[in-house]
Protein chains: 2
Amino acid sequence: MPNPKTDPPAVQPQSEHIDQSHLIGSVGYCCLQAYLEIVPNIRKQLAKLQLRPVEYTVLSLINSNPLINQKRLGQTIRVSPPNLATLLDRMQSDGLIDRQRNPNDRRSQILALTPKGQETCRKAENVAAKADITPTLTDAEREQLTRLLIKVFHP
Amino acid sequence: MPNPKTDPPAVQPQSEHIDQSHLIGSVGYCCLQAYLEIVPNIRKQLAKLQLRPVEYTVLSLINSNPLINQKRLGQTIRVSPPNLATLLDRMQSDGLIDRQRNPNDRRSQILALTPKGQETCRKAENVAAKADITPTLTDAEREQLTRLLIKVFHP
DNA sequence: TATTGTTATACTCTATAACTATA
DNA sequence: TATAGTTATAGAGTATAACAATA
């Protein structure tokens, strides 16, 4: 006779899918799971240009926002000043970006893309657009989804 | 006369918001930004129960899926076997979970919550539900959002 | 021989404190 | 005194290879 206190429970063949019912109400959990589903392909494609996702993001934001400084860039992508400094060091030594002190306030650095950075950014935007795939969504659903996500993180 | 090759560009007062137009079409980018907006509050609230987000997720999934093993748990939350093993070691030594070899296949570990783990899980589900806030969304938008995210990562 | 899980370890990412220079 | 950015470093998270036990 089995003793439920000490015996392992009888094993049933597991059903196909896991019950995540207590988690899928959480926007945070769902955002993370969706991100982890999508990002490996983006990472793989961007690696062909020797870029990681965050570096692509930096290139794109500098390209779209001339004269942006490190403070505003870091706030936008949620990277702390020390970590952004070392990231930009690397991108600068890779020849992708330039940093120039703002003549009106020499504390801040004005960021710009080098010609190589511009070219890499252009290629990366093409690559990333193709790699960011969500095959289970219709175009309308995808637009709806990004619209709602933007509403969450605000811009 | 300014030389555009060497002079820093003239600085204009920066407008209020950053142009992210080339990024916000990416579901991956938007998922990450929304996640980073939401998760600090969840992390802060769960810390009161000495839990990190991933530990809450593990508790909830074991609670909702009796007899789940490490392979299926790891696949669900996208944690590799080595990293899951050490995570569960910690949770076991914290008295939150039990591991028992499956008598039908002694390679696999059957996971279960201890009474303390069940109690912690119950509290954490309450805390997490309150902490997972998206004040800019209506209830209908929030449901729509999670519905679309689930469609992306599939279950 | 394949599968489940573990150990050990390296690598990346993130967080914190102390500092420089400019305002 | 406050702000933008840097340096150094520690900690958390993630990835890889080699291994043991079981099937």
Side-chain angles (χ1 to χ4, degrees), chain A residues 8 11 13-14 28 32-33 35-37 39-40 42-44 46-47 50-58 62 67-93 97-112, chain B residues 8 11 13-14 32-33 35-37 39-40 42-44 46-47 50-58 62 67-94 97-112:
Chain A
V11 177
Q14 287 275 345
L32 179 58
Q33 290 299 314
Y35 172 75
L36 293 176
E37 174 71 25
V39 77
I42 298 176
R43 179 168 271 119
K44 186 176 153 195
L46 287 175
Q50 273 86 48
L51 292 178
R52 287 165 306 154
V54 68
E55 291 160 343
Y56 158 61
T57 302
V58 166
I62 297 176
L67 308 187
I68 194 173
N69 64 21
Q70 294 186 198
K71 180 175 168 62
R72 285 163 60 75
L73 175 62
Q75 287 170 338
T76 303
I77 60 175
R78 295 171 157 87
V79 173
S80 67
N83 294 333
L84 185 60
T86 56
L87 169 60
L88 294 178
D89 283 348
R90 196 161 8 97
M91 293 180 72
Q92 192 167 17
S93 70
I97 65 163
D98 273 332
R99 284 191 271 198
Q100 274 189 306
R101 291 287 165 184
N102 182 338
N104 295 3
D105 179 349
R106 293 191 45 76
R107 292 173 304 182
S108 79
Q109 300 264 42
I110 294 176
L111 302 172
Chain B
V11 176
Q14 285 276 344
L32 179 59
Q33 291 299 314
Y35 171 76
L36 293 176
E37 175 72 25
V39 78
I42 298 177
R43 178 168 271 121
K44 186 177 155 194
L46 287 175
Q50 275 84 48
L51 291 179
R52 287 166 305 153
V54 67
E55 290 160 345
Y56 157 61
T57 302
V58 166
I62 297 176
L67 309 187
I68 195 173
N69 64 20
Q70 294 186 199
K71 180 176 167 62
R72 284 162 60 76
L73 175 61
Q75 287 171 338
T76 302
I77 61 176
R78 295 171 159 86
V79 174
S80 67
N83 294 333
L84 186 59
T86 57
L87 170 59
L88 295 177
D89 284 348
R90 194 159 11 97
M91 294 181 71
Q92 192 167 17
S93 71
D94 289 343
I97 65 163
D98 273 333
R99 285 192 269 197
Q100 274 188 307
R101 290 287 165 184
N102 182 337
N104 293 5
D105 179 349
R106 293 190 46 76
R107 291 172 306 183
S108 80
Q109 299 264 42
I110 294 175
L111 302 172

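Chain A is the first sequence line, chain B the second, and so forth, proteins listed ahead of strands; every chain is numbered from 1.
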Distance check needed: dA23(C) C1' versus Lys71(A) NZ, whole Å only. 14 Å
Determine the contact category for Arg78(B): base if any of its heavy atoms lies under 4.0 Å from a base atom, sugar-phosphate if only primed atoms, P, OP1 or OP2 are that close, otherwise nothing. nothing
Nucleotide nearest Pro82(A) when distance is taken to its side chain, options dT7(C), dT6(D), dG5(C): dT6(D)
Can you find an N or O donor on one side and an acceptor on the other, under 3.5 Å apart, linking the side chain of Asn83(B) with the base of dA15(D)? yes
Asp89(B) vs Ser80(A), nearer the 5' end of DNA chain C by closest nucleotide: Asp89(B)
Nearest whole angstrom, please: distance from the P of dC13(C) to the CG of Leu32(B). 12 Å
Quickly work out the Asn69(A) CG to dT6(D) C1' distance and round it to whole Å. 15 Å
When you measure from the side-chain N and O atoms of Arg99(B) to the phosphate of dT6(C), is any distance below 4.0 Å, counting only OP1 and OP2? yes
Do you know the tightest heavy-atom contact between Arg101(A) and Arg107(A)? NH1-O, 2.7 Å
Can you tell which of Ile110(B), Ile62(B), Val58(B) makes a side-chain contact (heavy atoms from CB on, under 4.5 Å) with Ile68(B)? Ile62(B)
Which pair of heavy atoms, one from Thr76(A) and one from Gln33(B), lies closest together, and at what distance? O-OE1, 3.3 Å
Arg43(A) has an atom CZ; how far is it from atom P of dT12(C), in whole Å? 11 Å
Rounded to whole Å, how long is the line connecting atom CZ of Arg107(A) with atom P of dT1(D)? 16 Å
Write down the distance between CG (Leu111(B)) and P (dT4(C)), rounded to a whole number of angstrom. 14 Å
Return the value, rounded to whole Å, for the distance between atom CG of Leu84(A) and atom C1' of dA4(D). 11 Å
Per nearest nucleotide of DNA chain D, the residue lying toward the 5' end, Asp105(A) or Thr86(A), is Asp105(A)
Nearest heavy-atom approach of Arg90(A) to Ser93(A) is O-OG, 3.0 Å
Between C1' of dT7(C) and CG of Leu87(B), the distance in whole Å: 16 Å
Heavy atoms from C-beta onward define the side chain here; which of dT6(D), dG5(C), dA4(D) lies closest to that of Pro81(A)? dT6(D)
Identify the heavy atoms of Asn69(B) and Arg72(B) that sit nearest to each other, and give their distance. OD1-N, 2.9 Å
